[in-house]
Protein chains: 2
Amino acid sequence: MAKYRHEVLAVVLRAADGEQARLKVLVRRREHEPFAGELALPSGPVEVDESMEDAVTRHLASQLGLAGLAHREQLETYSDPERDPFERTIATAYLGLVPSDAELSLVSEAVWVDVTDLPEMAFDHHLVIESALKRLRGKFSYTNIAFALAPAEFTMASLRGIYEAALGHEVDVTNLLRVLQRRGQIERVGTLAGSGARGGRPPSTWKFTSNEYQVTDPFAALGPGRRTTV
Amino acid sequence: MAKYRHEVLAVVLRAADGEQARLKVLVRRREHEPFAGELALPSGPVEVDESMEDAVTRHLASQLGLAGLAHREQLETYSDPERDPFERTIATAYLGLVPSDAELSLVSEAVWVDVTDLPEMAFDHHLVIESALKRLRGKFSYTNIAFALAPAEFTMASLRGIYEAALGHEVDVTNLLRVLQRRGQIERVGTLAGSGARGGRPPSTWKFTSNEYQVTDPFAALGPGRRTTV
DNA sequence: CCAAAAGTGTTGTCTTTACACCCATGG
DNA sequence: CCATGGGTGTAAAGACAACACTTTTGG
């Protein structure tokens with residue numbers, strides 16, 4: 001039938017906390033040619049009787065021992081005939097997000113790489129990651145997608161770190177709080193976290209009101225008025 | 001190698017002018033099983049040595065005699081194993097836009113169908129069209145994509161019709177003009193069009209400042225301030 | 001008491017909608 | 001001169017960024 005392979009590619013992201021939160025992407029070192037020994041995104045073929053979504057889940061589990069993405073969505077499909085020098089391969093990329101408090105038991109080949117300092121990568125995987133980051137950045141602005149990177153409960157300071165890591169620029173905590181409150185994305189949890197290392201007022205903890213992906217700020221320009229309830 | 005087909009699907013849209021502009025999608029009647037005799041989106045296989053973009057262009061030209069899309073972009077890739085009852089097929093959908101003043105010489109099998117009143121369609125093509133419309137609606141709000149549906153020169157009234165057809169709701173001409181002017185999307189052409197059938201002041205004509213797809217109103221929430229030029 | 005961090009109040013700017021009003025033309 | 005549509009002016013509402021100010025902790 002077809003004379004080429006169709007595979008899925010996964011761009012799995014995670015926010016590693018620390019002084020300044022960093023966004024990490026999950027890659028593994030290739031064992032076989034082409035590009036043996038180089039870093040590449042997890043990938044694998046789609047079987048005749050499975051959807052691409054099932055294939056992504058299956059390959060992530062079998063290759064890296066990863067289960068339980070908080071969010072998964074399809075990205076572009078890459079079809080340049082030259083993208084795989086070994087055999088013609090069409091690849092559909094997926095974005096996967098892992099909460100920062102998830103307990104993972106990955107195989108030893110798995111490597112988390114900082115997205116701000118990507119190494120050389122096999123195939124066009126560099127492009128794929130860039131594209132995934134661009135998509136993620138957009139969604140941070142008008143959806144509640146941060147729930148899929150944030151832990152179940154968090155302080156505004158740590159959430160700020162996640163936003164900064166994902167967006168790639170500074171974010172004002174004050175305004176972040178108010179934007180998310182206005183959109184109904186977050187709510188206060190009663191408890192207080194401990195004070196920081198150098199003292200200071202203890203922060204309250206927050207959680208996302210929903211763990212379902214939602215567009216909370218749909219594009220409105222030229223929209224039918226929101227004032228006059230139709 | 002693979003045990004299934006990979007094809008491209010095209011959702012080609014056009015604004016048919018008239019009293020009220022209508023958005024039309026290009027379909028054709030299938031000759032072969034499955035779904036012989038039913039309406040379906042133009043589609044076809046991807047060859048080993050061509051990209052999917054080339055395949056879309058090729059199939060549109062050979063099947064329907066269509067050339068010269070003003071805009072083309074990739075949509076989702078559909079991989080449900082059950083979506084083609086005959087043989088397993090993965091399909092990548094593309095959105096194509098045709099300006100309303102384009103001269104077309106389509107083959108007789110081609111049919112333009114109003115998107116607000118879609119007939120029964122083969123496979124999951126109904127879903128594909130819905131998804132394409134959703135994407136188009138979003139882009140009308142924050143990009144200059146209307147240039148690809150509008151004629152080279154137009155009056156604000158006729159552009160309003162295109163916006164209403166694409167967005168599916170009423171649009172205030174006054175505000176449309178100002179939004180597009182502020183974003184630098186349109187500019188006035190000197191000439192005046194003739195008055196309408198029942199008299200009235202003759203409208204001036206306008207054109208898009210660019211015929212390249214551009215994001216003119218990127219999402220800004222939580223963005224790095226636009227005031228302080230970094 | 002002071003530094004540090006959290007959280008609140010306030011202000012100014014920009015975008016968008018709604019709608020009143022003026023302008024130019026055909027009949 | 002009046003109906004018909006084109007076009008401009010303007011006000012009100014909302015969203016956002018910036019930043020000063022208050023609160024609560026550790027040392």
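Letters A, B, ... are given to chains in the order of the sequence lines, protein chains preceding strands, and every chain is numbered from 1.
- For the pair L180(B) CG and dT17(C) C1', the interatomic distance rounds to 15 Å; values are reported in whole Å.
- Rounded to whole Å, the distance from NE2 on H169(B) to P on dA18(C) is 11 Å.
- Between the side chains of S131(A) and E76(A), at least one donor N or O sits under 3.5 Å from an acceptor N or O.
- To the nearest angstrom, P of dT15(C) lies 19 Å from OH of Y142(B).
- When each of T155(B) and N175(B) is assigned the nucleotide of DNA chain D bearing its nearest heavy atom, the one mapping closer to the 5' terminus is T155(B).
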Item to check | Worked verdict on E73(A) versus K139(A) for salt bridge (Lys or Arg N to Asp or Glu O under 4.0 Å) | outcome: CA-CA 12 Å; E73(A) 73 181 82; K139(A) 300 233 161 166; 2.9 Å; yes
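- The shortest distance between the side-chain N/O atoms of R183(B) and the OP1/OP2 oxygens of dT16(C) is below 4.0 Å.
- A donor-acceptor contact under 3.5 Å is formed by the side chain of R178(B) with the base of dT10(D).
- Taking atom CG on L167(A) and atom P on dA17(D), their separation rounds to 11 Å, with Å as the unit.
- Nearest nucleotide to the D172(A) side chain, out of dA18(D), dT24(D), dA6(C): dA18(D).
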Next on the checklist: Would R72(A) and E53(A) count as a salt bridge (Lys or Arg N to Asp or Glu O under 4.0 Å) here? Give the steps.
Outcome noted: CA-CA 9 Å; R72(A) 181 188 60 197; E53(A) 287 75 20; 5.8 Å; no
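- One donor-acceptor pair, N or O on each side, does fall under 3.5 Å between the base of dT8(C) and the side chain of T174(A).
- Distance from the side chain of R182(B) is smallest for dT15(C) among the nucleotides dA18(C), dT15(C), dC16(D).
- Look at CZ on R201(A): it is 14 Å from P on dA5(C), rounded to the nearest Å.
- A donor atom on one side chain and an acceptor atom on the other are not found under 3.5 Å apart for R160(A) and T155(A).
- Taking atom CD on Q181(B) and atom C1' on dT16(C), their separation rounds to 15 Å, with Å as the unit.
- Counting non-hydrogen atoms under 4.0 angstrom, R160(B) reaches nothing in the nucleic acid.
- Protein atom CZ of R188(A) is 8 Å distant from nucleotide atom C1' of dG7(C), rounded to whole Å.
- Taking atom CG of L159(A) as the reference point, atom C1' of dG7(C) lies 15 Å away to the nearest angstrom.
- In this structure R83(A) satisfies the salt bridge (charged side-chain N to carboxylate O under 4.0 Å, His left out) test together with D124(A), sequence neighbours excluded.
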